[in-house]
Undergrad: 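For reference, the structure I am asking about is given below.
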There are 2 protein chains.
Amino acid sequence: MQEKLRSHIEKIVRLNDEEFELVLFHFSIAEFRKNQFIFKEGEKVKQAYYVVSGLLKLLYTDSSANQHIISFAMEDWWESDFYAYFTQTKATMSLQCLEKTTVYCLSLESYQHLCTHIPRMERFFLQKSNLGFIGSQQRILSLLTTSAKERYEQLLERYPSLLQRVSKTQLAAYLGVSRETLSRLYS
Amino acid sequence: MQEKLRSHIEKIVRLNDEEFELVLFHFSIAEFRKNQFIFKEGEKVKQAYYVVSGLLKLLYTDSSANQHIISFAMEDWWESDFYAYFTQTKATMSLQCLEKTTVYCLSLESYQHLCTHIPRMERFFLQKSNLGFIGSQQRILSLLTTSAKERYEQLLERYPSLLQRVSKTQLAAYLGVSRETLSRLYS
DNA sequence: TCAGAATAGTGATCCATGTCACAGGTGCAT
DNA sequence: ATGCACCTGTGACATGGATCACTATTCTGA
């Protein structure tokens, strides 16, 4: 399990054993059942999560009680309500398991400690953040420029396994269309 | 002008004179006329830009020749096609001036050099990247959950000056609605 | 193993927004 | 000053997608 984390980090920066020891010291492991909430809207967000196995959704519930999925987090992904995390305020979104999920947890203090004491970890987080930013911007572009049908096809192309792992209802909430409309896109 | 850059950076991290000297050495200044393209889709993106004065739009032109505005960049903002920048590939988006604009330019090598030699600059970029990521995610949320009208009102509330500075056509391209629809939102 | 809850498909209807067309206003350039 | 390009508003119409309602199927937990 720690090998997984290590190789994940070492895809971007090298760490010696001593450094990785310190990294590991700052993470904790947690396991959640299917459907369990890791945190809910309104709660303080104390951790960022690295998904070892399982599947998460980051969701927002609007005033009409409709769920919107900002993102799915599969193996090797990082997830949290990062605004709430970095500002240590209450979550506006919730993080919930779509499957039984194991995560590594990193508190903000630990994050800052690692950044300060292991420059390569700061480099790692910078790289991750840049990639996350780029990914979000592409999602914005896809929401602005493509139809629901195209977005559905793009999603299947990029993450074909998702179709097996999540319900159509969830996919629709991610794509920004109603369940019924999604159902008609391929019939 | 350099004072502007310095105080922008020092909102996040302290720099001594020597460090700022090095920072400044890696930036170059450029000026562009209204409507001029800083780069166009298909070109290599060699720089990231810090806006000293003026106003930029980052835009994507789809296959039907419709323009979509991913973001505006006002004073104190950073902008580029960051995917193309970090991977040193060709731009999928274009960056164009809505007003006469002065920018500081930072090449990828300079960016990396600064990150490596001035840890506080790496901290600065990490902070900026995190904020950028959070901002994009909120834009995604707003595209998923709110109507064009609400988005228009949110935009005016956050950046009231934009209404004076850009045409309705531009605003519509940013909000993801047609010019006509936007026109009807407040009549 | 069985009942209730999710999940999925589909018909009917309605509405928001896109598209096309036109006209008046403003500002810039020759 | 004149003319042209751009910006804006608005009417008419088309349409994609939301909403509501119902049914069939699959999952799941006591």
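Every chain is numbered from 1 and lettered A, B, ... according to where its sequence line falls, protein lines coming before strand lines.
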Undergrad: Can you figure out which of dC20(C), dC20(D), dT17(C) approaches the side chain of Glu180(A) most closely?
TA: dC20(D)
Undergrad: Any side-chain N or O of Lys34(A) less than 4.0 Å from the OP1 or OP2 oxygen of dT28(D)?
TA: yes
Undergrad: For Arg151(A) and Gln170(B), find the nucleotide of DNA chain D closest to each by heavy atoms; which residue's nucleotide sits nearer the 5' end?
TA: Gln170(B)
Undergrad: What integer distance in Å separates Arg184(B):CZ from dT17(C):P?
TA: 11 Å
Undergrad: Over 60° means perpendicular and under 30° means parallel, so classify the ring planes of Tyr104(A) and Phe27(A), tilted if in between.
TA: perpendicular
Undergrad: Are any of Ser178(A)'s side-chain N or O atoms less than 4.0 Å away from OP1 or OP2 of dA18(D)?
TA: yes
Undergrad: In whole angstrom, what separates Arg179(A)'s CZ from dT7(C)'s P?
TA: 10 Å
Undergrad: Is Ser167(B) close enough to dT8(D) that one of its side-chain N or O atoms is under 4.0 Å from OP1 or OP2 there?
TA: yes
Undergrad: Could you label the plane-to-plane angle of the Phe82(B) and Tyr85(B) rings as parallel, tilted or perpendicular, counting under 30° as parallel and over 60° as perpendicular?
TA: perpendicular
Undergrad: Leu185(B) CG to dT10(D) P: how many Å, rounded?
TA: 12 Å
Undergrad: Without decimals, in angstroms, what is the distance between Gln164(B) CD and dT26(C) C1'?
TA: 17 Å
Undergrad: With respect to the phosphate group of dT10(C), does any side-chain polar atom (N or O) of Ser183(A) fall under 4.0 Å of OP1 or OP2?
TA: no
Undergrad: Rounded off to whole Å, could you give me the NE2-to-P distance for the His68(B) and dG18(C) pair?
TA: 11 Å
Undergrad: Please check the phosphate of dA18(D) (OP1 and OP2 only) for any side-chain N or O of Thr181(A) closer than 4.0 Å.
TA: yes
Undergrad: Take atom CG of Leu171(B) and atom P of dT8(D), then tell me their distance rounded to the nearest Å.
TA: 8 Å
Undergrad: Could you check whether any side-chain N or O of Thr102(B) sits under 3.5 Å from a backbone N or O of Val52(B), counting only pairs where one atom can act as donor and the other as acceptor?
TA: no
Undergrad: Please report, rounded to the nearest Å, how far the P atom of dA16(C) is from the OH atom of Tyr152(B).
TA: 19 Å
Undergrad: Strictly distance-based, threshold 3.5 Å: is any side-chain N or O of Arg179(A) a donor or acceptor partner for the main-chain N or O of Lys168(A)?
TA: no
Undergrad: Could you tell me the separation between the NZ atom of Lys168(B) and the P atom of dG25(C), rounded to a whole number of Å?
TA: 16 Å
Undergrad: Would you say the side chain of Phe32(A) lies within less than 4.5 Å of the side chain of Lys100(A), judging by non-hydrogen atoms?
TA: no
